[in-house]
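This report refers to the structure that appears directly beneath it.
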Amino acid sequence: MSDITSYEVADGIAVITIDNPPVNAMSTAVRKGCWAALEQLAADDSAKAAVLICAGRTFVAGADINEFDKPIEDPWLPALVEKFEASEKLIVAAIHGAALGGGLETAMGCHYRCAAPSARIGLPEVNLGLSPGATGTQRLPRLAGVRKALDMMTSGRPISAGDGQKAGVIEKLIDGDLREGAIAYARELLDAGAPIKRVSKLDVAAEGIDDGFFSEYLQGLARTARGFFAPEQIVECARAAVNESYQDALKTERKLFEKCRASTHSQAQRHLFFAEREVAKIPDVPKATPGREIKKVAVIGAGTMGGGITMNFVNAGVPVTVLEVDQAGLERGLGIIRKNYGSAVKKGRMTEERLEQAMGMIAVTTDYADIADADLVIEAVFETMAIKKEVFTKLDEVCKPGAILASNTSSLDLNEIAAVTKRPQDVIGLHFFAPANVMRLLEIVRGEKTAGDVIATAMATAKKIRKVGVLVGVCFGFVGNRMFFPYVREAQLMMLEGVSPERVDQVAYDWGMAMGPHAVMDLSGLDVFNKLNTEWKDRPDDPVYYRMCMALCEMGRYGQKTGAGIYKYDGRKALPDPEVMEIAKREATILGVKQIEVSDEEIIERMTCSMINEGALILEEGIAIRPGDIDVIFVNGYGLPRYRGGPMKYADAIGLDKVCNAIRKYRARYGDLWWTPAPLLEKLAAEGRTFQEWSESR
Ligand code: 3HC
Ligand code: NAI
């Protein structure tokens, strides 16, 4: 037995305990320990039955994801699960916290399952680009039925222990001490002469589950999980559960699991799993840094962003005071918030009563004195330096000492804003993304003088309002917009070169983007992009740069909000507008831009490589801490598909030499201005290394 699994016998019932913090992942050592415990159980005459339980905060949360890239050591998890099931002595799994992935599979290998009412169970492998691989695809349909099992496996969403009981996965809920309750349950089963229930021997209830059911299910997934590889494999495993013997279906499960494991999708999604946890680690701000208490928040400016930001805090139970220039501004802002909540009520996601409660947590004012006691102030006024400075000067005058003064600026120099205050250490950027109450990303911008505890508080606040906070440094556009701008720049130039916006958008969409670049611009507003480009102090002089955006703005075509932009609009429906390509042709002639044939591959290559090159500069400059941080920004804020892993992971996957060669090719065509390879990229490409390897070696 190892340190992380133990075996003891209490009153004729063996208790096998797994203790592998933090989440009792089924590492090789745990598998070996469990194997040995099962051998001991078989040979132990003093034990008539056993309980499998975990120490710490949770039951087994899955296979150890760190081991997926290494050769698998014996015993494999599927073999271990089968060994649990084969035991001649009855085994009860006792679940608390979460039984996920390989954890639930192990529990389903046991003969009975009991759980604390607060426990959750699920097969979330799909989130890692995997199908369940340790008999779960065959056991869950036998216990919960094919449809329920498929819903759980393809969504990856865990269910509560109570729902698990209703679904037939859990036999008993235990209030109070789980260990004692589970031992008592095992004894009760023994006393009642309960059979050793082997899930693999159960029939799959397949009534109404035919080919039509599976093809309909696949059609649904084509919409909800567009482009992802694993969900389809999961459906095939469920089909095998219905059509094949248990043993044959297990072979199908193994084959498809291995196919998923080796896929670029799974590599990308596993990378994101770790990257999304690593973003919280700031090298010079230790985890134990005490944060400041945030009990009252003030938001300055109740426009598009201010309203959404307010909702985030209210939803997390923190009262907000909103400050505007005048009463009309306040009424407009409150109206938008009420409308947003109202649509949640209409969709049945919120009650009328909760709406009123939420609105009751919002105070409004036009007087700075009313926000003097706020712990955190977030400024979301117009993106104009002079106005931002005016606001921060006032905040510096009125806010209590220790208050955190944050700006939602999307591009302006935070250090310049902080410099108008006598407390630059308390100033930070909190860059929300539109719509601020929906988008998960929060770029946390660290100024030159921002204090460590202010950063720690911002990171904790992001978590509290259910955002993914990523710390970045100060530069034009920070990380997200700075990298998104070259991507859009290429899409813009392609219009001048004769490539229709709808084609570029379709190619980007097929590559997996939530929306194509032109559709995004129309949604955000071409005027917003124009303004940001105008605010960019060091913008290189290039008449071609974003020329279409400017030309359309000059015609009052700002996008969806004016009924026309790059597309024209019938309500919210985008329609291709031939006039736009005529404008593009005219502009191209004036600017001397050649009309060229652009392949689908080139569309993706130019848009992604321009972005990756900027990402390499960002890493060199230390604006982002790790390549994984950039990836987290793009999948959470810019609609990049998770199965690409983010721009930097995508670059690593296709090879940095390939990226570098593409950039050199476009440099030869377009010149040095936008296409000089970043020195870090060139260096890593020459060394045959990846961004990830570079990051880990520092
Ligand atoms: N393997 C290895 N490490 C894991 C892990 C796993 N399955 N699950 C979590 N961890 C690590 C995290 O990386 C993190 O490490 P860190 O502290 O060094 O950053 C630590 O455990 C704590 O994790 P969280 O920060 O996520 O803690 P939370 O309390 O917020 O959440 C959790 C706990 C709900 C269990 C969450 O960690 C989770 O969802 N884990 C993944 C579950 C999963 O996907 N399981 C399936 C694995 S694949 C599988 O089982 C294949 C099988 O079918 C063969
Ligand atoms: P907006 O124009 O919708 O709202 C700005 C609000 O600020 C208006 O209601 C205005 O009345 C108010 N305001 C202006 N000056 C003020 C002052 N001195 N005191 C108090 N209130 C004042 O603008 P939006 O889009 O909400 O942008 C706000 C900030 O958020 C900008 O810095 C912008 O760059 C940033 N941002 C915008 C995003 C977007 O997609 N709209 C995304 C991310 C950041």
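Just so you know, ligand 1 is whichever comes first in the structure, and atom 1 is the first atom listed for that ligand.
Of all protein heavy atoms, the one lying nearest to atom 40 (O) of ligand 2 is A434 CB, 3.4 Å. The nearest heavy-atom contact from the protein to atom 3 (N) of ligand 1 is N66 ND2, 4.1 Å.
Between the side chain of N20 and the backbone N or O of I4, no donor-acceptor pair lies under 3.5 Å. In this structure a side-chain-to-backbone donor-acceptor pair under 3.5 Å is missing from H518 to I566. Remark: the backbone N or O of A55 is paired with a side-chain donor or acceptor of N24 at under 3.5 angstrom. A side-chain donor-acceptor contact under 3.5 Å links E443 to the backbone of V479. For T562 (side chain) and G559 (main-chain N/O), a donor-acceptor pair under 3.5 Å exists by modelled atom type.
Contacts of V528 with ligand 2, taken as heavy-atom pairs under 4.0 Å, are absent altogether. Here R57 has side-chain heavy atoms under 4.0 Å from ligand 1, and that is the only part of it that gets that close. Only the side chain of V23 comes within contact range of ligand 1, with a heavy atom under 4.0 Å; no backbone atom does. Contacts of E105 with ligand 1, taken as heavy-atom pairs under 4.0 Å, involve the side chain alone. Contacts with ligand 1 closer than 4.0 Å are made by heavy atoms of both the backbone and the side chain of A61. Contacts with ligand 2 closer than 4.0 Å are made by heavy atoms of both the backbone and the side chain of V381. Of all the heavy atoms of L128, the ones lying under 4.0 Å from any atom of ligand 1 belong exclusively to the side chain.
For F382, the heavy-atom gap to ligand 2 drops under 4.0 angstrom. Residue contacts with ligand 2: E379 is excluded, as none of its non-hydrogen atoms falls under 4.0 Å. Taking a 4.0 Å cut-off on heavy atoms, E390 fails to register as neighbouring ligand 2. A heavy-atom separation below 4.0 Å is not found between G329 and ligand 2.
In this comparison of K281, E125, R277, the heavy atom closest to atom 17 (O) of ligand 1 sits on K281. Looking at V279, L130, I65, L123, it is I65 that brings a heavy atom closest to atom 6 (C) of ligand 1. When G156, A63, G102, A25 are ranked by how near their heavy atoms come to atom 7 (N) of ligand 1, first place goes to A63.
For the pair S410 and ligand 2, the shortest N or O to N or O distance falls below 3.5 Å. Not a single N or O atom of P132, backbone or side chain, sits closer than 3.5 Å to an N or O atom of ligand 1.
Counting protein heavy atoms under 4.0 angstrom from atom 25 (O) of ligand 2 gives one or more. There is no protein heavy atom less than 4.0 angstrom from atom 15 (O) of ligand 1. Within 4.0 Å of atom 20 (C) of ligand 1, at least one protein heavy atom is present. The presence of a protein heavy atom under 4.0 Å from atom 48 (S) of ligand 1 is confirmed.
A salt bridge does not link K394 to E397: none of the charged nitrogens lies less than 4.0 Å from a carboxylate oxygen.
Of all atoms in ligand 1, listed by their number and element, those nearer than 4.0 Å to a heavy atom of D64 are 1 (N), 2 (C). Atoms of ligand 1 lying under 4.0 Å from any heavy atom of P124, numbered from 1 in the order shown and given with element: 43 (C), 44 (O), 45 (N).
Taking CG from L140 and CD from E105, the interatomic distance works out to 9.5 Å, rounded to the nearest 0.5 Å.
Contacts of S27 classified as side chain to side chain donor-acceptor pair (under 3.5 Å), with partners at least two apart in sequence or in another chain: none.
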Sequence neighbours left out, cut at 3.5 Å: what donor-acceptor pairs do the side chains of residues 153-161 make with other protein atoms?
residue : atom : partner : partner atom : Å
T154    : OG1  : L150    : O            : 2.7
T154    : OG1  : Y217    : OH           : 3.3
S155    : OG   : D151    : O            : 2.8
S155    : OG   : R157    : N            : 3.0
S160    : OG   : D163    : N            : 3.1

